[in-house]
Amino acid sequence: MLSEAKTRKKILSNATELFAHNPYGKVTIRKIAQSANVSPSLVIYYFISKENLYCQIFEEFFPELENMIKKLKKEPKLTLSLIVNNYIEVWRINSLIPIVIHRELLSLDNTEAKNRLANKLLIPHKKKLMSLLSSITECSPYNEGYYYMLVISLSTYPFISDHISNEQNTDMSFLQNVYESVLPQAVC
C-alpha cells in the first residue's frame, strides 16, 4: 500500500497527464481515479474537486519557477539566453506543464480555476520575470514585454510543438538557429 504522500503524488501525476492530453471538460474525477488506480472518493479526499486538483498541479509546480528566478537574480552576467535556457531546463523536467498551460488556460472560459491560476500564479510570476528582465542593463521598460514573450515562447515551443505534432522529439539543437537569428537582434 502506498503512503498518503505517494498516493497523492500519483493522483496528481496521472491527472497532469490526462489534462495534457484531453480538454479540461473531458477529464473527470472518475477518469483520474481510474488512471491512478484509486477510487474516485480517494481523489475527492485529497483534492476536494476537479478544479482544486487542476489548480494544485500548478500550485505545486510554480515554486520551481520562483526558485529559478531567485537563482538567476544572483547571476552576475545575466543574459536573455541564460534566462531562456533556465526555463527550458525547468520545462524539460516538467514537460507536461507548458502543454497544460497552453491547452487549457488559453481556452478555458472565464472560470474560477482560470481566475485563481491567473491571479495567484501567472500574473505574479510574470511580474517577477519582468523584474528579472529589467535587471539586464540593455533592456528597457519599452522592450521588456518583447523579451518576456521571447522567453516564454522560445522556452515552451519545443514542448508544445512536440505535443501538437505528436512527435516526441526532444532534440533542442534547432534552438541554436533561433538563438543565432533572433537573440542577437534582441539587444539583451
Please test Ile32 against Leu18 for side chain to side chain contact (heavy atoms under 4.5 Å, CB included), starting from the C-alpha separation and ending with a verdict. CA-CA 7 Å; Ile32 294 167; Leu18 286 170; 3.9 Å; yes
Show me the donor-acceptor pairs, under 3.5 Å and distance only, between side chains in residues 126-135 and residues at least two apart or in other chains.
{"residue": "Lys128", "atom": "NZ", "partner": "Glu66", "partner atom": "OE1", "Å": "2.9"}
{"residue": "Ser134", "atom": "OG", "partner": "Ser131", "partner atom": "O", "Å": "2.6"}
{"residue": "Ser135", "atom": "OG", "partner": "Leu132", "partner atom": "O", "Å": "2.5"}

So does [Y] get a backbone contact from the side chain of [X], meaning a donor-acceptor N/O pair under 3.5 Å?
X	Y	result
Asn94	Trp91	no
Ser13	Lys9	no
Asn119	Asn115	yes

When the side chains of residues 67-74 are checked against the rest of the protein, which donor-acceptor pairs come out under 3.5 Å, sequence neighbours left out?
{"residue": "Asn67", "atom": "ND2", "partner": "Pro63", "partner atom": "O", "Å": "3.3"}
{"residue": "Lys71", "atom": "NZ", "partner": "Asn86", "partner atom": "OD1", "Å": "3.1"}

Can you name the nearest heavy-atom pair linking Leu65 to Phe61, along with the distance? CD1-CE2, 3.6 Å
Considering all heavy atoms, the nearest Ser49-Asn52 contact: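 Of all heavy-atom pairs spanning Ser49 and Asn52, the closest is OG-N, 3.1 Å.
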Would you say Glu144 has more than 12 foreign heavy atoms packed within less than 6.0 Å of its CD? yes
State, with a plain yes or no, whether a side-chain heavy atom of [X] is found less than 4.5 Å away from one of [Y].
X	Y	value
Phe62	Leu122	yes
Phe159	Leu96	no
Phe58	Ile97	yes
Tyr87	Arg92	no

Spell out, yes or no, whether Met149 and Ile136 are grouped together once hydrophobic residues are joined by side-chain heavy atoms under 4.5 Å, including indirect joins.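 Linked within one cluster.
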Are Tyr24 and Ile48 in one and the same hydrophobic cluster, where Ile, Leu, Val, Met, Phe, Trp and Tyr link if side-chain heavy atoms are under 4.5 Å apart?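 Different hydrophobic clusters.
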Could you measure the distance from the [atom1] atom of [X] to the [atom2] atom of [Y]? Nearest 0.5 Å is fine.
X	Y	atom1	atom2	value
Ile83	Leu154	CD1	CG	12.0 Å
Leu53	Glu59	CG	CD	11.0 Å
Leu80	Cys139	CG	SG	6.5 Å
Ile152	His125	CD1	NE2	5.5 Å

Which residue in the set Asn14, Thr7, Leu12 passes side-chain contact (heavy atoms from CB on, under 4.5 Å) when paired with Lys10?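 Going through the options one by one, the only one that passes is Asn14.
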Anything under 30° is parallel, anything over 60° is perpendicular, the rest tilted; go ahead and classify Phe19 against Tyr54.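 Ring orientation, 0 to 90° scale: perpendicular.
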Identify all side-chain donor-acceptor contacts of residues 40-47 below 3.5 Å with residues at least two apart in sequence or on another chain.
{"residue": "Ser41", "atom": "OG", "partner": "Ser39", "partner atom": "OG", "Å": "3.0"}
{"residue": "Tyr46", "atom": "OH", "partner": "Glu4", "partner atom": "O", "Å": "3.4"}

Stepwise side chain to side chain contact (heavy atoms under 4.5 Å, CB included) check, Arg8 with Gln56: CA-CA 11 Å; Arg8 186 181 181 286; Gln56 194 64 44; 3.3 Å; yes
